[in-house]
Amino acid sequence: MKLTHAPLRVAVGAFILNSGLSKRSLEGEAAAGVHGMAVGAIPPLQQFEPARFAKLLSRAEMALGAALLVPFVPSLLAGAGLAAFGAGLVQLYLKTPGMREANSLKPTQAGVGLAKDVWLVGAGLTLVLDSLTHRRRHV
């Protein structure tokens, strides 16, 4: 990991790891709510029971957060995971009713929390692109 990647990886990694840790015990209505939003954006997720989905989401967030935090995971790999995760959240924003103003990408008040996840895509792509261009310069 390049030293210049550390602030981004630590800030985002700690946030995502904490999010995953907070979802470890989701059950009942809370798990069903998270699952319902995800299914609205990505219908194949319907195959998972809500509690199982919540556990898988929790584990995925913890793994991604840890990958961003530990320096031996290459920024290329951590960035690709972050960009993919962020893209899933952006898809959730785009497909969930009430998150955007009519015929616009502009978020409603309810959608601001999800709209900001576009930053995760940008951060992930920054890590990927910097890693790829850094390799070219030193090969």
Side-chain angles (χ1 to χ4, degrees):
M1 172 171 62
K2 288 172 52 176
L3 183 59
T4 56
H5 294 176
L8 185 146
R9 287 182 61 165
V10 169
V12 176
F15 187 87
I16 293 174
L17 177 61
N18 183 62
S19 179
L21 290 170
S22 70
K23 289 180 178 79
R24 283 184 302 175
S25 59
L26 279 184
E27 294 179 354
E29 288 183 31
V34 169
H35 181 251
M37 281 190 71
V39 167
I42 306 168
L45 295 176
Q46 190 170 16
Q47 69 182 339
F48 297 101
E49 294 293 323
R52 174 98 173 114
F53 173 78
K55 287 191 186 327
L56 291 172
L57 178 60
S58 170
R59 290 176 184 154
E61 287 183 353
M62 289 188 295
L64 177 58
L68 286 159
L69 289 169
V70 295
F72 59 82
V73 174
S75 288
L76 177 65
L77 180 61
L82 179 58
F85 180 71
L89 293 172
V90 170
Q91 185 174 2
L92 187 64
Y93 165 70
L94 293 172
K95 292 191 174 187
T96 302
M99 297 291 116
R100 295 181 295 128
E101 291 183 4
N103 302 315
S104 173
L105 290 176
K106 185 177 177 185
T108 61
Q109 193 65 25
V112 170
L114 283 174
K116 57 110 181 102
D117 290 329
V118 71
W119 299 336
L120 299 176
V121 177
L125 291 176
T126 296
L127 290 172
V128 168
L129 292 173
D130 188 63
S131 296
L132 292 174
T133 58
H134 183 265
R135 282 185 181 173
R136 282 194 199 131
R137 281 182 269 160
H138 292 88
V139 173

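This is a predicted model, so every value here is computed, not measured.
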Spell out, yes or no, whether L64 and L8 are grouped together once hydrophobic residues are joined by side-chain heavy atoms under 4.5 Å, including indirect joins. yes
Carefully, step by step, assess E61 and F85 under the rule side-chain contact (heavy atoms from CB on, under 4.5 Å). CA-CA 9 Å; E61 287 183 353; F85 180 71; 3.5 Å; yes
Tell me whether S58 contacts the main-chain N or O of G20 through its side chain, where contact means a donor paired with an acceptor under 3.5 Å. yes
Are side-chain heavy atoms of I16 and L82 found at a separation under 4.5 Å? yes
Ignoring hydrogens and angles, tell me if any N or O in the side chain of S131 forms a donor-acceptor pair with the backbone of L127 under 3.5 Å. yes
How close do A67 and A78 get, heavy atom to heavy atom, and via which atoms? O-CB, 4.1 Å
The reported gap from CD in Q47 to CZ in R52 (rounded to nearest 0.5 angstrom) is 10.5 Å
Would L68 end up clustered with F72 when hydrophobic side chains under 4.5 Å apart are linked, directly or stepwise? no
Where the side chain of Q91 meets the backbone of A41, is there a donor-acceptor pair that is under 3.5 Å apart? yes
Could you tell me whether the side chain of Y93 and the main chain of R100 form a donor-acceptor pair under 3.5 Å? no
For L114 versus M99, what's the shortest heavy-atom pair and its separation? CD1-SD, 3.7 Å
Walk me through whether R9 and S75 qualify under side-chain contact (heavy atoms from CB on, under 4.5 Å). CA-CA 9 Å; R9 287 182 61 165; S75 288; 2.9 Å; yes
side-chain contact (heavy atoms from CB on, under 4.5 Å) between L94 and V90, worked out: CA-CA 6 Å; L94 293 172; V90 170; 4.0 Å; yes
Could you state the interatomic distance from CG (L89) to CE (M37), rounded to the nearest 0.5 Å? 9.5 Å
Near E49 CD, under 6.0 Å, is it more than 12 heavy atoms from other residues, nucleotides or ligands? no
Test of understanding: clusters of I, L, V, M, F, W, Y form through side-chain heavy atoms closer than 4.5 Å, transitively. Do L69 and M62 belong to the same one? yes
Under 4.5 Å between side-chain heavy atoms, hopping through other hydrophobics if needed: is there a path connecting V70 to L17? no
So how far is it from R24 CZ to R59 CZ, rounded to the nearest 0.5 Å? 11.0 Å
Evaluate side-chain contact (heavy atoms from CB on, under 4.5 Å) for L57 paired with L26, printing each intermediate quantity in order. CA-CA 10 Å; L57 178 60; L26 279 184; over 6 Å; no
Counting only N and O atoms by type, is there a donor-acceptor contact under 3.5 Å from the side chain of H35 to the main-chain atoms of L45? yes
Could you tell me the separation between the CG atom of D117 and the CG atom of L92, rounded to the nearest 0.5 Å? 8.5 Å
Hphob cluster co-occupancy, W119 + V121, side-chain heavy atoms under 4.5 angstrom: yes
Quick one: CG on L76 to NE2 on H5, what's the gap to the nearest 0.5 Å? 10.0 Å
